[in-house]
Amino acid sequence: MAKKDEKKFVEHITPRSEDFSQWYTDVILQSELVDYAPVRGCMVIRPYGYAIWERIQQEMDSRFKATGHENVYMPMLIPESLLLKEAEHVEGFAPEVAWVTQGGNEKLQERLAIRPTSETIFCAMYSKWVGSYRDLPMKYNQWCSVMRWEKSTRPFLRTSEFLWQEGHTIHETPEEAQQETLQMLEVYREVAEDAMALPVLCGRKSDKEKFAGAQATYSMEAMMQDGKALQAGTSHNFGTNFAEAFDIQYLSREGKLEYVHETSWGVSTRLIGAIIMTHGDERGLRLPPRIAPIQVVIVPIAAHKGGVMEKCDEIFAQLKAAGYRVKVDDRDTVSPGYKFNDWELKGVPVRLEIGPRDIENGVATVFRRDTCEKAPMALETLTADLPALMDSIQQGLYDQAKAFRDAHVTEVHNMEELGKAVESGFAKAMWCGDRACEDAIKEQFNASSRNMPFDQTAIGETCACCGKPAKKLIYFAKAY
RNA sequence: CGGGGUGUAGCGCAGUCUGGUAGCGCACGUGCUUUGGGAGCAUGGGGCCGGGGGUUCGAAUCCCUUCACCCCGACCA
């Protein structure tokens with residue numbers, strides 16, 4: 001019996017040791033997070049996947065509000081002339097912009113870009129809205145989808161259309177803008193590490209990797225279980241680049257016209273991909289309790305027998321009242337064993353099995369998804385004991401991911417070591433600051449610079465690539 | 001955009017070489033028995049064999065053409 005089950009399971013979920021990317025695809029499709037859309041490179045996010053996104057939205061949005069931001073909505077279509085205003089920005093995005101050229105039966109005089117990002121349209125509005133320093137800062141955010149015509153796509157990690165959040169702020173001084181940029185990166189780090197149990201490395205992007213039109217870009221980088229990097233969030237300081245292009249000026253305290261200092265920052269549904277590829281295992285997803293749409297699932301055993309459903313409903317009500325996101329799986333069309341596998345695949349952190357035997361003993365059989373261990377817990381103290389279990393799972397997932405990450409970051413001092421390090425993880429290296437070295441590393445190892453950590457404690461004197469005097473400590477990795 | 005591959009039931013595939021009534025597994029419907037790790041038996045439904053054109057008495061199968069998707073490279077939140 002056990003052997004047969006094992007076989008069946010392998011048919012469903014390819015172990016990641018064999019082919020990580022196949023494993024990823026199997027998991028997201030079979031856990032009913034997404035489906036493929038009848039549009040090239042786009043995905044359909046199904047209810048369970050969207051519920052995870054809603055959890056991330058809540059965690060993010062409450063922090064945005066707490067730091068003084070307000071939500072707005074901008075149009076999806078951007079006139080070409082507007083997009084062309086900031087030279088670097090156009091150059092960066094032009095290759096992946098989708099265009100609307102016709103409206104109804106009329107060919108448009110000016111084609112309209114489907115937003116790849118909304119800097120330009122925010123700028124257009126900010127230039128209208130700002131008069132004097134009294135109007136500053138303006139700190140707006142929008143939740144929307146954007147479109148980038150990607151050549152190769154993968155659900156959550158890179159799709160033509162994706163859901164995200166983009167914050168756009170304008171400030172009086174460079175210092176304020178810089179503070180905003182770093183503050184929002186910190187908000188991202190907090191959500192990633194505390195809520196999503198994703199250990200991240202924060203730092204500044206190289207000029208090669210920075211956002212098109214930014215003065216400085218900062219990112220948080222997560223490590224997936226195949227050792228590749230995933231840029232999980234970015235925060236940009238534009239200085240006055242866009243303000244000059246879009247003429248966003250304000251009357252200063254001294255009565256002079258000045259350009260505003262602008263920032264933008266964003267995270268996307270890519271974060272869901274990060275959770276899957278960081279925490280997933282051979283049974284499917286493992287969701288951290290704080291982000292899980294369903295934290296506790298109750299599976300009745302022999303539900304037709306007297307008292308079982310009643311007890312399940314009772315426990316459900318009790319946990320619901322205690323504030324848990326809980327569900328009773330009362331389907332009578334599938335067996336308990338099927339339900340076990342189903343909810344493990346979907347990553348629900350805690351499962352309670354309640355059957356006649358449990359009720360007789362006054363317990364629930366508790367299964368925790370992080371370790372896949374089963375143990376009885378007294379029904380009487382269940383509500384009181386659950387918080388500790390949840391914390392333990394949340395912390396366990398983070399610790400496990402961090403231990404993996406730390407074990408796969410290697411300090412390197414030359415190209416040979418660097419090449420070897422990026423085969424299985426991140427290379428931590430000294431760098432001279434030249435674009436040529438980044439290009440060489442890309443060419444030889446297909447790895448790119450990730451970011452330069454804020455803690456710049458040197459690990460050597462010379463650039464790992466060219467051997468010239470080093471200026472920066474930086475991470476290199478293959479990336480999604 | 002280069003190189004390789006695949007299109008047959010909702011999904012995964014066999015059948016193609018060697019032309020002769022469209023198959024298998026899973027999923028789905030119905031009935032009974034089950035229920036502590038993906039239940040069993042019985043029975044049923046479902047196909048323009050990617051599209052178009054040819055060859056042939058006869059094409060999923062051979063020929064021509066077209067479209068779509070996937071994988072590997074170059075580009076990317």
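The model shown is predicted, which means the values in this text are computed figures rather than measured ones. In what follows, chains are A, B, ... by sequence order, proteins preceding strands, each numbered from 1.
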Q | Sugar-phosphate only, base, or nothing, as touched by T234(A) at under 4.0 Å among non-hydrogen atoms | A | nothing
Q: Go through the side-chain N and O atoms of S449(A) and E209(A) and say whether any donor and acceptor fall under 3.5 Å apart.
A: no
Q) Heavy atoms under 4.0 Å, any strand shown: does T365(A) hit a base, just sugar-phosphate, or nothing? A) base
Q.
Among residues at least two apart in sequence or on other chains, which ones pass side chain to side chain donor-acceptor pair (under 3.5 Å) with D61(A)?
A. K65(A), N71(A), W143(A)
Q) Under 3.5 Å, is there a donor-acceptor pair between the D329(A) and Y338(A) side chains? A) no
Please tabulate the protein-to-nucleotide N/O contacts below 3.5 Å involving nucleotides 3-8 of chain B, giving atom names and distances.
none

Q: Please work out which residues in residues 178-196 of chain A have a non-hydrogen atom less than 4.0 Å from an atom of RNA chain B and list them by number.
A: none
Q. Which is true for E344(A) with a 4.0 Å heavy-atom rule: it touches a base, it touches only sugar-phosphate, or it touches nothing?
A. base
**Q.** Summary of protein contacts for nucleotides 67-76 of chain B, nucleotide by nucleotide, where a base hit scores B, a sugar-phosphate-only hit scores S (4.0 Å, heavy atoms)
**A.** -------B-B
Check nucleotides 28-35 of chain B against the protein and report each pair of N or O atoms closer than 3.5 Å, with its distance, or say if there are none.
unit_1: U35(B); atom_1: O2'; unit_2: A302(A); atom_2: N; d: 3.1
unit_1: U35(B); atom_1: O4; unit_2: H304(A); atom_2: ND1; d: 3.2

Listing, residues 162-169 of chain A side-chain donor-acceptor contacts under 3.5 Å, not counting sequence neighbours, or none:
unit_1: W164(A); atom_1: NE1; unit_2: E166(A); atom_2: OE2; d: 3.4
unit_1: Q165(A); atom_1: OE1; unit_2: Y188(A); atom_2: OH; d: 2.9
unit_1: Q165(A); atom_1: OE1; unit_2: V267(A); atom_2: N; d: 3.1
unit_1: Q165(A); atom_1: NE2; unit_2: N141(A); atom_2: OD1; d: 3.0
unit_1: Q165(A); atom_1: NE2; unit_2: Y188(A); atom_2: OH; d: 3.2
unit_1: Q165(A); atom_1: NE2; unit_2: W265(A); atom_2: O; d: 3.3
unit_1: E166(A); atom_1: OE1; unit_2: S118(A); atom_2: N; d: 2.9
unit_1: E166(A); atom_1: OE1; unit_2: H168(A); atom_2: NE2; d: 2.8
unit_1: E166(A); atom_1: OE2; unit_2: S118(A); atom_2: OG; d: 2.6
unit_1: E166(A); atom_1: OE2; unit_2: Q142(A); atom_2: NE2; d: 3.0
unit_1: T169(A); atom_1: OG1; unit_2: H171(A); atom_2: NE2; d: 2.7
unit_1: T169(A); atom_1: OG1; unit_2: T263(A); atom_2: OG1; d: 2.5

Q: Tell which nucleotide pairs with A39(B), taking only Watson-Crick or G-U wobble pairs whose two distances are both under 3.5 angstrom.
A: U33(B)
